[in-house]
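Since this is a predicted model, take the numbers as computed values, not measurements.
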Amino acid sequence: MPLPRFDRLPAERQELILGVARRHFADHGVEGASYNKIIEAAGFSKTAAYHYFDGREDLLSAVLDGVLGRLLGALGPWVAAHEETAFWSRLDASSGALAAHLRDHPDDLALADAAIGNTREGPWLEWFDDLVSNGQRLGVIRTDVDHGLLVTVTAAVVRAADAWALARMNSSPTPADLVEGDESAQLWGLLRGLWSETSSVFGEGFTDAH
């Protein structure tokens with residue numbers, strides 16, 4: 001976490017520093033970005049930097065916390081549905097909003113996996129816990145598999161599907177080359193298979209199929 005002196009900086013200055021750092025980490029990777037170059041680009045000395053952060057990892061953590069916060073803001077809180085149609089509609093809207101945010105914020109897209117991986121538990125998995133719990137109450141999601149495993153795998157599938165859809169969009173010469181709704185249809189097909197009690201994704205059926 002940033003040191004107290006950083007929090008006393010004007011909000012615009014805080015965002016400038018974190019924005020510079022975010023771009024460097026996005027461009028060069030969380031392992032490859034140079035702390036000294038980030039400090040130089042942000043316009044302060046290394047001595048001053050240690051008044052704001054304990055070091056490179058502290059700055060990186062602050063950047064990733066910001067990325068995660070924006071991802072969760074794009075998703076919005078999961079509002080429990082009371083019937084299956086509303087459940088799928090809300091999941092479609094939330095996933096679409098996340099994909100749109102990642103499309104419009106390439107730095108967040110580049111750092112999304114690191115930001116999500118930076119928190120073993122917390123608001124990211126809590127969002128999917130609410131989703132899975134709601135689906136199980138509605139009978140949409142299986143209950144014969146460990147709840148925590150379903151939450152973790154569901155979060156991974158949605159994140160991977162969004163990254164796939166964005167890569168597909170970026171590689172297409174024109175939007176017309178993509179079938180509207182195709183990405184959502186494939187995601188929902190994956191999730192329906194994952195969540196169905198008749199699915200062979202888990203258990204002996206998976207082994208027998210191979």
Trainee: Could you tell me whether Arg137 and Glu84 have a side-chain N and a carboxylate O separated by less than 4.0 Å?
Mentor: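 The answer is no: the pair does not qualify as a salt bridge.
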Trainee: Taking all atoms of both residues into account, what is the closest heavy-atom pair of Ile38 and Ala33, and its distance?
Mentor: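 Nearest heavy atoms, Ile38 then Ala33: CD1-CB, 4.3 Å.
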Trainee: Would you say Leu149 ends up clustered with Val140 if hydrophobic residues are merged whenever their side chains have heavy atoms under 4.5 Å apart, either directly or through other cluster members?
Mentor: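 Val140 and Leu149: one cluster.
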Trainee: Once you measure the plane-to-plane angle for Phe6 and Phe53, does it fall in the parallel (<30°), tilted (30-60°) or perpendicular (>60°) bin?
Mentor: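 Phe6 and Phe53: tilted rings.
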Trainee: Taking distance alone, no hydrogens or angles, what donor-acceptor pairs closer than 3.5 Å link side-chain atoms of residues 16-32 to residues at least two apart or in another chain?
Mentor:
unit_1	atom_1	unit_2	atom_2	d
Arg22	NH2	Glu15	OE2	3.3
Arg23	NH1	Gly19	O	3.4

Trainee: Do Trp195 and Trp88 make the cut of ring centroids closer than 6.0 angstrom?
Mentor: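 Centroid distance Trp195-Trp88: below 6.0 Å, so yes.
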Trainee: What donor-acceptor contacts under 3.5 angstrom involve side-chain atoms of residues 41-51, with partners at least two apart or in another chain?
Mentor:
unit_1	atom_1	unit_2	atom_2	d
Ser45	OG	Ala48	N	3.0
Lys46	NZ	Asn36	OD1	3.4
His51	ND1	Arg5	NH1	3.1

Trainee: Give me the atom names and distance for the closest heavy-atom approach of Trp127 to Pro77.
Mentor: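 Looking at all heavy atoms of both residues, the closest pair is NE1-C, 3.8 Å.
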Trainee: Applying salt bridge (Lys or Arg N to Asp or Glu O under 4.0 Å), can you list everything that pairs with Asp104, at least two apart in sequence or on another chain?
Mentor: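 Once residues adjacent in sequence are excluded, Asp104 has no partner under the salt bridge (Lys or Arg N to Asp or Glu O under 4.0 Å) criterion.
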Trainee: Counting C-beta onward and ignoring hydrogens, is there a side-chain heavy-atom pair between Leu131 and Arg90 closer than 4.5 Å?
Mentor: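 When only atoms from C-beta onward are counted, Arg90 and Leu131 do not touch, as no gap falls below 4.5 Å.
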Trainee: So do Leu150 and Asp146 actually touch side chain to side chain, heavy atoms under 4.5 Å?
Mentor: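 Answer no - side chains too far apart.
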Trainee: Please evaluate residues Tyr52 and Leu59 with respect to the criterion side-chain contact (heavy atoms from CB on, under 4.5 Å), reporting the C-alpha separation (whole Å), side-chain torsions for both, the decisive distance (0.1 Å), and the verdict.
Mentor: CA-CA 9 Å; Tyr52 303 139; Leu59 173 58; over 6 Å; no
Trainee: OG of Ser196 to CG of Leu191: how many Å apart, nearest 0.5 Å?
Mentor: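 Reported to 0.5 Å precision, the distance equals 12.0 Å.
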Trainee: Please tell me if the side chains of Arg142 and Leu194 come closer than 4.5 Å, counting only heavy atoms from C-beta onward.
Mentor: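 No, too far: nothing below the 4.5 Å cut-off.
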Trainee: Got Asp92 and Phe87 here, is their nearest side-chain heavy-atom distance under 4.5 Å?
Mentor: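 They are not in contact (no side-chain heavy atoms under 4.5 Å apart), so the answer is no.
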